[in-house]
Each structure stands twice: as C-alpha cells, then as structure tokens.
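What follows is a set of notes on a single structure, which appears directly below.
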Amino acid sequence: MNNKNRPLRLGMHTYTLHFFGFGESWGFGKDYYFEQTMSLYELMDKAVEWELDGLQITKVDLLTTAKEKPFSENNLKKVAKAAEDHGLFLEFNASFHAGSDSRVNCTPKEALEIGHNLDAELVKFSLDIIRPKEFYGSCMHPHVMRQMADRYDEFMKVMPLIEAYGMQIAIENHTDTFADEILWIVNKLNHPLIGTCVDTMNSLQVIENPYYAMERMLPEAYCCHFSDDKIVVDPLGVHDIGAAHGQGSMDCPKMLSQIREKSCMDKIIFENEIAFKSLDEPIEEARAREMEACEESVRYLRDVLKLGVRNR
C-alpha cells in the first residue's frame with residue numbers, strides 16, 4: 001500500500017507548551033488561561049533549534065503576533081512568511097465549542113480563511129460533542145448523532161470555500177468522539193479534501209481501544225496527533241497523564257508502524273499533555289517540567305524513531 005520506510009516530517013502541536021500560554025488551556029471545564037510568556041515567533045526559533053519541520057497552531061498562538069487585529073489578512077500573511085523563512089510548515093487547529101478555552105473557537109468559514117491566509121497545509125477541527133453521561137456503549141448514540149448531523153451541515157455550507165482554497169480538512173477523534181463517529185461524518189461528507197485526524201490517546205477518554213481507533217481511522221487520515229500518556233493508578237483513581245514520548249504507557253514504535261502501514265501521511269504532529277503534579281504546584285515548576293518533556297520528546301522522536309527531515 002505505502003512505502004513503509006518513507007520519510008515523515010515532524011511537527012508539534014503548540015498545546016505541548018500550554019503552561020507557556022500556547023495552544024489551548026484544558027481540563028478546567030471553563031475558560032482558564034495561562035499567561036503567554038513566549039511569542040509564536042520565538043517558538044518558531046525554538047522549532048528550528050529542535051530541528052522540527054512544522055507547527056500546528058491555534059488562534060491563541062496568533063494573539064502573540066500582533067497587538068491589534070492578529071487575525072487580519074495582513075498579519076496572517078506575515079506569520080506565514082515568518083514560518084516560510086524558518087523552513088516550517090503550518091497547520092491550523094480549530095474548535096467549534098472548546099470547553100476550557102473559548103479563544104480557540106472558530107466557525108468553519110473563519111477557520112478556513114485563517115488557514116488559507118497562513119498558507120497552512122490543512123485545517124484540523126475538533127467537533128466538541130456533548131456526550132451522554134454513560135460513555136460505555138454510547139458510540140452512535142442518538143444524542144450524539146443529532147450533533148454530528150449539525151456538524152455535517154456546517155461543513156457542507158463551506159464546501160465551496162474548501163474547494164476554492166484546495167484546503168485539506170482533518171476531523172479529530174477528540175476526547176468526545178469514537179472513531180466510528182468520525183468516520184461517519186467523513187464518509188457522509190465524501191470529499192477527497194476531507195479526512196481524519198487520528199489522536200493516539202484521545203480514545204481512552206471515551207473508553208475506546210487506541211489500537212482499534214488507529215486501525216479504523218488511519219486509512220482516511222490526513223493528520224495525526226502522536227502522544228504517549230502514562231496510565232497511573234493511585235489512591236486518587238485511574239489517570240492517563242501526559243509524558244514525554246518513550247516514557248508513557250504506549251508502544252510508540254508500534255504506533256509508528258501502524259501509521260506507516262495504514263496511512264498515506266508524510267508527517268506526524270506530536271503533542272505532550274503535561275499536567276500539574278498538584279493544583280498548588282507553582283506554575284514556574286510546571287513550565288520547567290513541560291519544557292523538559294518537550295525536549296525529551298523531540299530527541300526521542302528524532303533520534304530513536306528517526307522522524308523528521310530537517311538536517312537529515
């Protein structure tokens with residue numbers, strides 16, 4: 001099916017450094033923002049230092065690029081030029097109704113226009129579905145499918161713009177959707193520019209086997225969020241906690257083999273989801289751990305798994 005030994009570019013989802021104010025805040029169930037301590041342009045410098053090939057960015061990251069009108073066409077084109085000068089590809093990450101950070105929310109039209117002006121290779125969407133309380137056995141639940149039908153209608157309204165821009169769309173199995181639900185909407189939209197974004201860990205949060213989710217979604221994938229969480233059981237319960245790649249509970253080489261064998265993708269977007277050790281951990285300590293995990297992931301992904309094409 002594919003050249004299993006093909007080079008794969010390595011990008012980073014900016015939420016890997018969410019304690020630094022990148023990507024989006026998560027886990028609070030309401031708007032909660034961390035101070036932005038670094039600009040997107042500074043992160044581009046870091047990405048070159050780390051020998052990355054690209055970044056997947058959000059509206060939050062763009063706030064650091066201009067004091068006024070960060071989403072204007074002129075400013076977005078400046079960001080695109082900076083990425084080009086750094087030798088980095090860009091992808092744009094959008095949500096419909098994010099639960100913890102409304103700043104990332106976009107209409108499909110707005111997301112497409114931002115992606116187009118950024119010269120992004122694709123726009124990735126989270127669907128932000130509200131599930132019934134009982135996750136187990138709830139795949140294709142009527143309450144869910146009514147929302148999925150609404151999302152279908154919203155994508156169909158902007159299909160002419162998708163075609164005009166030639167913009168790839170990747171729909172993610174976020175923490176609120178099963179693989180088969182994502183395949184349902186992708187298959188119903190039935191367009192060569194629309195595929196899946198496979199997240200290697202999100203399926204755990206709807207009680208789905210990550211291996212199954214990857215097997216189902218990879219043949220239609222244009223994007224992959226590659227992460228390696230650690231499964232921890234302690235007196236506070238069972239948690240999947242973000243870790244540096246190679247240090248979590250997932251078999252990263254096996255996941256990479258799946259990606260190579262089952263998809264036609266030529267790039268992987270890695271992400272870490274480092275959490276607070278406790279709710280009273282100083283933010284400075286959390287940032288230090290997050291940055292350390294990021295750099296450890298980059299080295300593992302490049303040096304052990306041989307991902308990335310920069311300076312090869």
Side-chain angles (χ1 to χ4, degrees), residues 1-13 15-17 26 50-54 56 124 135-136 139 170 172-183 195-234 237-275 289-290 292-309 312:
M1 176 181 175
N2 300 311
N3 174 10
K4 297 177 184 178
N5 296 315
R6 66 191 182 277
L8 293 173
R9 293 177 292 162
L10 180 61
M12 183 182 82
H13 181 5
Y15 129 103
T16 293
L17 296 176
W26 56 272
W50 293 332
E51 299 180 292
L52 298 180
D53 301 300
Q56 187 176 102
K124 191 241 79 177
F135 278 4
Y136 181 75
C139 184
E172 182 185 9
N173 61 321
H174 208 238
T175 56
D176 47 22
T177 40
F178 285 82
D180 287 338
E181 293 166 349
I182 298 301
L183 288 172
T196 67
C197 172
V198 184
D199 188 292
T200 62
M201 294 301 302
N202 277 347
S203 55
L204 289 176
Q205 297 192 39
V206 290
I207 320 177
E208 183 171 49
N209 184 333
Y211 182 86
Y212 173 85
M214 292 179 68
E215 287 287 294
R216 292 284 289 148
M217 292 178 65
L218 279 171
E220 308 295 331
Y222 292 152
C223 181
C224 176
H225 282 177
F226 192 82
S227 57
D228 183 16
D229 289 4
K230 184 181 297 184
I231 308 302
V232 176
V233 181
D234 62 26
V238 181
H239 321 267
D240 65 288
I241 299 176
H245 289 73
Q247 299 179 27
S249 300
M250 302 301 288
D251 187 336
C252 287
K254 181 176 181 178
M255 291 193 296
L256 179 57
S257 294
Q258 279 183 276
I259 291 166
R260 288 188 177 280
E261 293 172 7
K262 300 294 183 178
S263 80
C264 295
M265 290 184 293
D266 70 345
K267 60 187 169 184
I268 284 176
I269 305 296
F270 87 87
E271 64 179 24
N272 296 338
E273 32 201 15
I274 304 303
R289 289 191 303 102
E290 186 178 60
E292 181 180 11
C294 176
E295 293 180 340
E296 288 174 352
S297 287
V298 171
R299 296 278 65 84
Y300 176 83
L301 294 168
R302 278 190 54 88
D303 298 344
V304 178
L305 297 190
K306 305 301 182 183
L307 295 171
V309 302
R312 294 294 189 190

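Model, not experiment: these values are computed from the prediction. Side chains are part of it too, since the values below use all heavy atoms of this structure and drop only hydrogens, waters and symmetry mates.
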K267/D53 under salt bridge (Lys or Arg N to Asp or Glu O under 4.0 Å): CA gap, chis, key distance, verdict = CA-CA 9 Å; K267 60 187 169 184; D53 301 300; over 6 Å; no
| query | Ion pair present between D266 and R9, side-chain N to carboxylate O less than 4.0 angstrom? | reply | yes
Would you give the length of the straight line joining atom [atom1] of [X] to atom [atom2] of [Y], rounded to the nearest 0.5 angstrom?
X	Y	atom1	atom2	value
C224	H13	SG	NE2	12.0 Å
L305	Y300	CG	OH	4.5 Å
M217	K262	CE	NZ	15.0 Å

Worksheet item: Do the numbers put K254 on top of the ring of Y211, so that NZ or CZ is under 6.0 Å from the six-membered ring centre and no more than 45° off the axis?
Response: yes
For the pair F270 and H245, name the ring-plane relationship: parallel under 30°, tilted 30 to 60°, perpendicular over 60°.
-> perpendicular
Hits for salt bridge (charged side-chain N to carboxylate O under 4.0 Å, His left out) against E271, two or more places apart or cross-chain, chain-then-number order -> none
Among side-chain atoms of [X] and [Y], is any donor-acceptor pair under 3.5 angstrom?
X	Y	value
E273	Y15	yes
N202	E172	yes
S297	N272	yes
D234	H239	yes
Q205	H174	no

